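Here is the structure we will look at, set down as structure tokens.
Below, each value reflects all heavy atoms present in this structure, side chains not excepted, and no hydrogens, waters or symmetry copies. It should be emphasised that the depicted structure is a prediction, and the values quoted were computed from it without experimental measurement.
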Amino acid sequence: ILLALLNDTGQTYLPELFIKSRVLKLTEEFLNNLCRHGLKSMPEFANHKDFNALVNVENLITKESTKEFPSIETLAKAAYMSESKLKKLFKKAYGMAIYQYYQKNRMHKAKELLNSRKHSISQVGLMLGYQNMSNFSAAFKKEFCCLPSQFKQAV
């Protein structure tokens with residue numbers, strides 16, 4: 001369903017209706033899958049305070065993707081929990097370490113900026129806080145299996 005949406009060349013008679021119907025179908029499939037598997041695979045939290053703290057930490061690291069990564073100590077203070085508890089709960093909830101999540105989000109922001117074609121590769125790297133463009137290229141390649149220049153050429 002998602003591929004049909006992404007590969008649509010706009011040649012359908014009613015493109016807006018097509019997109020809406022595909023999004024509704026995708027939502028239906030997601031909800032059916034959730035009902036089939038239930039919430040068993042979702043992490044459980046001891047309390048809502050921990051859940052809210054994780055959401056707060058996630059907001060801090062995703063909204064500040066252009067700034068330097070805050071220390072675990074800073075994030076733990078913001079979450080009102082120990083560093084070890086924060087790391088453990090974050091990994092349980094998001095399936096990856098905090099910095100890994102930050103980096104993944106940062107690279108998706110880079111992809112979005114490159115897709116817009118408004119900025120050069122160097123500008124995007126600088127906007128995301130990279131002083132060294134080879135580090136930016138290496139991080140981009142690690143996430144998307146291609147260099148930013150290859151990605152930009154393909155877009």
Output the distance between atom CE (M133) and atom CD (Q123), rounded to the nearest 0.5 Å.
10.0 Å
Test ring pair (Phe, Tyr, Trp, His ring centres under 6.0 Å) applied to Y102 and F90, F69, Y94, the passing residue:
F69
Min side-chain heavy-atom separation V124-F136 under 4.5 Å
yes
Determine whether L128 and K109 make a side-chain contact, defined as any pair of heavy atoms from C-beta on separated by less than 4.5 Å.
yes
Can you tell me how far OG of S21 sits from CD of E28, rounded to the nearest 0.5 angstrom?
11.5 Å
Looking at E29 and K25, does any basic side-chain N land under 4.0 Å from a carboxylate oxygen?
yes
Evaluation steps, side-chain contact (heavy atoms from CB on, under 4.5 Å), between F140 and L114
CA-CA 11 Å; F140 192 91; L114 290 172; 3.9 Å; yes
Would you mind reporting whether K118 and L113 have side-chain heavy atoms less than 4.5 Å apart?
no
Is the cationic atom of R106 (NZ for Lys, CZ for Arg) positioned less than 6.0 Å from the six-membered ring centroid of Y130 and within 45 degrees of its normal?
yes
Report the C-alpha separation of E83 and E73 in whole Å, then their side-chain angles, then the decisive distance to 0.1 Å, and conclude whether the side-chain contact (heavy atoms from CB on, under 4.5 Å) test is met.
CA-CA 6 Å; E83 294 176 29; E73 180 184 0; 3.5 Å; yes
Just wondering, do K49 and N52 contact through their side chains at under 4.5 Å, heavy atoms?
no
Side chains of E58 and T62: does their closest heavy-atom pair fall under 4.5 Å?
yes
Partners meeting side chain to side chain donor-acceptor pair (under 3.5 Å) with E143 (sequence neighbours left out)
K104, H108
State, to 0.1 Å, how close A78 and N56 come at their nearest heavy-atom pair, and which atoms those are.
O-ND2, 3.5 Å
L60: which of I98, V55, T74, L75 passes side-chain contact (heavy atoms from CB on, under 4.5 Å)
L75
Will you find, in the side chains of S134 and S137, an N or O donor that is under 3.5 Å from an N or O acceptor?
no
With rounding to the nearest 0.5 angstrom, report the CD1 to CD distance, I61 to Q103.
11.0 Å
Separation of M81 CE from D50 CG (nearest 0.5 Å)
4.5 Å
Of all residues at least two apart in sequence or in a different chain, which pass the ring pair (Phe, Tyr, Trp, His ring centres under 6.0 Å) check with Y80?
none
Residues which pass side chain to side chain donor-acceptor pair (under 3.5 Å) with S82, listed by chain and number, not counting sequence neighbours
S84
Is there a path from L147 to F144 through hydrophobic residues (I, L, V, M, F, W, Y) whose side chains come within less than 4.5 Å of each other?
no
Minimum-distance pair of heavy atoms, taken over all atoms of L86 and A79
CD1-CB, 4.4 Å
OG-CE distance between S122 and M127, expressed to the nearest 0.5 angstrom
12.5 Å
